[in-house]
Amino acid sequence: MDMNAIRKAALAALFAIMAGSAGAATQKGDVNNDGNVNIVDVSTLLQYILNDKLECDVAVADMNGDGEVNVVDVIALIDYILRKTSTTETGDFSDDPATEPAYSPRRGME
């Protein structure tokens, strides 16, 4: 195989990879499409709800799957983020207060 054929094959492979990643599904809740689900997505979702001019992928923002994007989705997104980050904390955020850290959102809610 000559160098031109190798270059052409490499470029074709690179374009195929780029096209595949561009069409990849976005994670539910990643409203700003940055690859992370965090408080920035909550802010973006609130901005979308309050301002119709902001673009938003409804399939990603509709956290409860009811076909609408509203404050219920904001609450579900916050709940998802808190549950996701709680697994990296000291406690397990179970229903047993004895296993939760002092800064747990559930502590004191018994």
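The shown structure was predicted, so the numbers you read here are calculated from the model rather than taken from an experiment.
- With D73 contributing its side chain and N70 its backbone, the two residues share a donor-acceptor pair below 3.5 Å.
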>> Walk me through whether V69 and I49 qualify under side chain to side chain contact (heavy atoms under 4.5 Å, CB included).
In response: CA-CA 7 Å; V69 177; I49 291 169; 4.2 Å; yes
> Do D62 and E68 pass the side chain to side chain contact (heavy atoms under 4.5 Å, CB included) test, and can you show the C-alpha distance, the side-chain angles, and the key distance before you say yes or no?
Replying inline: CA-CA 6 Å; D62 183 14; E68 297 178 19; 5.7 Å; no
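- With values rounded to the nearest 0.5 angstrom, L46 atom CG is found 12.0 Å from N51 atom CG.
- No path of Ile, Leu, Val, Met, Phe, Trp and Tyr side chains, each step under 4.5 Å between heavy atoms, connects I75 with V40, placing them in separate hydrophobic clusters.
- A 4.5 Å side-chain heavy-atom check between V31 and D57 finds every atom pair outside the cut-off.
- Under a 3.5 Å cut-off, the side chain of K84 and the backbone N or O of V37 do form a donor-acceptor pair.
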> Taking it one step at a time, do L77 and M63 satisfy side chain to side chain contact (heavy atoms under 4.5 Å, CB included)?
Replying inline: CA-CA 6 Å; L77 179 56; M63 294 297 292; 4.0 Å; yes
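- Linking ILVMFWY side-chain heavy atoms closer than 4.5 Å, directly or via other members, places V74 and Y48 in a single hydrophobic cluster.
- A donor-acceptor pair is defined here as one N or O able to donate and one able to accept, closer than 3.5 Å; such a pair exists between the side chain of D30 and the backbone of D34.
- In this structure, N32 contributes its side chain and D41 its backbone to no donor-acceptor pair below 3.5 Å.
- Contact check for Y80 versus V42: no side-chain heavy atoms found under the 4.5 Å cut-off.
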